[in-house]
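This report concerns only the one structure given below.
Residue numbers start at 1 and run along the sequence shown.
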Amino acid sequence: MIKDENIYIAGPACFYERGNELWDSWKKEAIYYGFGVSLPNDAKLDFDPDDKKSLSAAIFKNCYDSIKASTGIIANFETYRGAEPDGGTIYEVGMAYGRGLKCYGYTRDKRPIGVKYQSGRYVGDTLLDLDGRQLPDLKLPFSACLVGACKIVEGSFSDALKVYMLDIEEESKRKAMHLKAEIAIPDQTIPRSGRPIVYLATLERYSDQAAEKYAAMKEVLDRYGFDAIAPSDLAPGVEDLATDDVYARAYNLFDRYQQHVRNCDIILADLSDYHGYEPNSDVAFECGMANSLGKKMFAYMDDVRPMIERIPNSGEPGGFRDINGMNVENFEAPLNLMFGASMELFGGTFEDVVRQMAASLKK
């Protein structure tokens, strides 16, 4: 029997037709094996029924409290409205990692991104997406942050649960042999200059012109009184590995990104659609981690209209269902409530965004 382990079950099942029954079956399976289970819908929601934003804030609080009460997370990494997993789920994984939880993901398709993303085109030897960005991590099944933070199982929730149980058994044996593996979570590794440090959690990291683009963004931030770090910057305390091993390189990139999140005071994230209607997974993970670590959080998007206007759906009489029958949230926010309830979100040019962020911080 499993003792003292409490699982948070993450995924977009609540948006599926009959998804709550599916969620309940997973909860019962985990309880059968002796796990405690935390789900955001376990607790009563405290909200103003006439205020949709109040409801999204209440749901976010329940998610946050449930993760805080957990020792591990099992997350659904199936693609969702495009080639990325559900952004809200990845945000929760970032929160879980930030709190030191055991992180597991599952998928029916662990093929490399380069195979799963069918809309790429070659320009010379570089494979670009439909927006002209270089496709990253082509030999990996998911983004560097997911590969680095999680044990990813090909299969179902039940398969991931079995791996979790096996790991607990092995951990118990290591403890008995006095070989307990400690997970070292590094603190901040850069000195403070007196100016707020902004981490640019954005998509420019995948560009072959990342250095030039980030230099221009840093100039804008500098004019408004901020220091900045970018994903492409090296992180003090994290060695830059030169390796042909794609998983070693993915973990090395993840280690750099997570250290940047620890080192910053503020995260500024680009949550624009990425290969579908979801944000980029590295960015979503970094947002969730930043939330767990108590960072100030801001974001921007190309299109800040509410989800029910941005994502084709059946409309109110049909329950706002998208082409796959999944519910489109109606909380007057442009994307999943995990972001909408935890971050200020802006539109406009990058300088417009920085100006709005600076004004908000002075309030």
Side-chain angles (χ1 to χ4, degrees), residues 77 79-87 90-91 109 111-148 198-221 228-233 246 249-250 252-254 256-257 260 267-287 298-305 307 309-312 322-323 334-336 339 345-354:
F77 284 173
T79 55
Y80 186 74
R81 293 182 182 142
E84 296 286 303
D86 169 50
I90 307 311
Y91 185 110
D109 190 353
R111 291 178 301 162
I113 290 172
V115 175
K116 291 186 285 191
Y117 184 75
Q118 294 292 309
S119 303
R121 59 187 175 86
Y122 275 101
V123 175
D125 348 352
T126 304
L127 187 59
L128 304 179
D129 66 15
L130 284 175
D131 297 307
R133 293 178 296 230
Q134 184 172 342
L135 276 166
D137 312 321
L138 292 182
K139 295 183 180 178
L140 296 170
F142 296 101
S143 76
C145 282
L146 298 191
V147 170
V198 174
Y199 174 52
L200 291 163
T202 72
L203 307 179
E204 282 76 13
R205 74 184 78 190
Y206 308 126
S207 169
D208 58 1
Q209 298 177 326
E212 295 88 341
K213 291 181 177 181
Y214 279 125
M217 296 166 83
K218 288 178 180 181
E219 285 182 11
V220 174
L221 285 158
I229 48 180
S232 54
D233 294 337
V246 293
R249 183 60 183 161
N252 188 223
L253 284 174
F254 156 70
R256 179 198 300 174
Y257 299 159
H260 286 327
I267 186 169
L268 179 57
D270 182 355
L271 297 176
S272 300
D273 291 343
Y274 184 76
H275 301 165
Y277 288 110
E278 291 299 306
N280 172 266
S281 293
D282 283 331
V283 175
F285 177 93
E286 290 162 345
C287 290
F298 299 91
Y300 59 95
M301 293 179 68
D302 296 334
D303 185 350
V304 294
R305 290 178 299 156
M307 285 184 76
E309 295 179 25
R310 291 197 321 107
I311 299 174
D322 69 11
I323 193 171
L335 74 175
N336 185 284
F339 304 94
L345 198 147
F346 308 120
T349 66
F350 183 73
E351 182 153 3
D352 291 336
V353 169
V354 173

Kindly assign one of parallel, tilted or perpendicular to the pair F285 and F254, based on the angle between their ring planes and the thresholds 30° and 60°. perpendicular
Closer than 3.5 angstrom, by distance alone: can the side chain of H260 be matched with the main-chain N or O of A230 as a donor-acceptor pair?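 Yes; judged by distance alone, with no hydrogens or angles, the pair exists.
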Between D352 and T349 (side chain of the first, backbone of the second, donor and acceptor by atom type, cut-off under 3.5 Å), is there such a pair? yes
Indicate the atoms forming the closest heavy-atom contact of [X] with [Y], along with that distance.
{"X": "D129", "Y": "R121", "result": "O-NE, 4.2 Å"}
{"X": "G120", "Y": "L127", "result": "C-CD1, 3.8 Å"}
{"X": "Y257", "Y": "A144", "result": "CE1-CB, 4.4 Å"}
{"X": "G87", "Y": "F339", "result": "O-CZ, 3.4 Å"}
{"X": "L335", "Y": "P279", "result": "CD1-CG, 4.3 Å"}

Could you give the distance from [atom1] ([X]) to [atom2] ([Y]), rounded to the nearest 0.5 Å?
{"X": "Y300", "Y": "S272", "atom1": "OH", "atom2": "OG", "result": "7.0 Å"}
{"X": "E212", "Y": "S207", "atom1": "CD", "atom2": "OG", "result": "7.5 Å"}
{"X": "I113", "Y": "S281", "atom1": "CD1", "atom2": "OG", "result": "7.5 Å"}
{"X": "Y206", "Y": "S232", "atom1": "OH", "atom2": "OG", "result": "12.0 Å"}
{"X": "E84", "Y": "S143", "atom1": "CD", "atom2": "OG", "result": "7.0 Å"}
{"X": "D270", "Y": "N280", "atom1": "CG", "atom2": "CG", "result": "8.5 Å"}

Kindly indicate, with the supporting measurements, whether the criterion side-chain hydrogen bond (donor to acceptor under 3.5 Å, both in side chains) is fulfilled by Y199 and E286. CA-CA 10 Å; Y199 174 52; E286 290 162 345; 2.9 Å; yes
Electrostatic pair D273:R310 at N-O distance under 4.0 angstrom: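 Looking at D273 and R310, the cut-off is met.
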Check D233 with R205, please: is the shortest side-chain N to carboxylate O separation under 4.0 Å? no
Evaluate the side-chain proximity of [Y] to [X]: yes if any heavy-atom separation is below 4.5 Å, no if none is.
{"X": "L138", "Y": "P112", "result": "no"}
{"X": "I267", "Y": "F298", "result": "no"}
{"X": "I90", "Y": "F77", "result": "yes"}
{"X": "L146", "Y": "P85", "result": "yes"}
{"X": "N336", "Y": "Y91", "result": "no"}

After noting the C-alpha distance and the side-chain angles of I229 and L200, does the key distance pass the side-chain contact (heavy atoms from CB on, under 4.5 Å) rule? CA-CA 6 Å; I229 48 180; L200 291 163; over 6 Å; no
Geometric cation-pi criterion, K116 with F142: 6.0 Å, 45°: yes
Is NZ or CZ of R133 both nearer than 6.0 Å to the six-membered ring centre of Y274 and within 45° of the ring axis? no
Would you please test L345 and V304 for side-chain contact (heavy atoms from CB on, under 4.5 Å) and show each step? CA-CA 8 Å; L345 198 147; V304 294; 3.6 Å; yes
Could you give me the CA-CA distance, side-chain angles and deciding distance for M217 and T202, then say whether side-chain contact (heavy atoms from CB on, under 4.5 Å) is met? CA-CA 11 Å; M217 296 166 83; T202 72; 4.1 Å; yes
Residue that, paired with E278, satisfies side chain to side chain contact (heavy atoms under 4.5 Å, CB included) out of L271, D86, T79: D86
Working for side-chain contact (heavy atoms from CB on, under 4.5 Å), residues C145 and V283: CA-CA 9 Å; C145 282; V283 175; over 6 Å; no
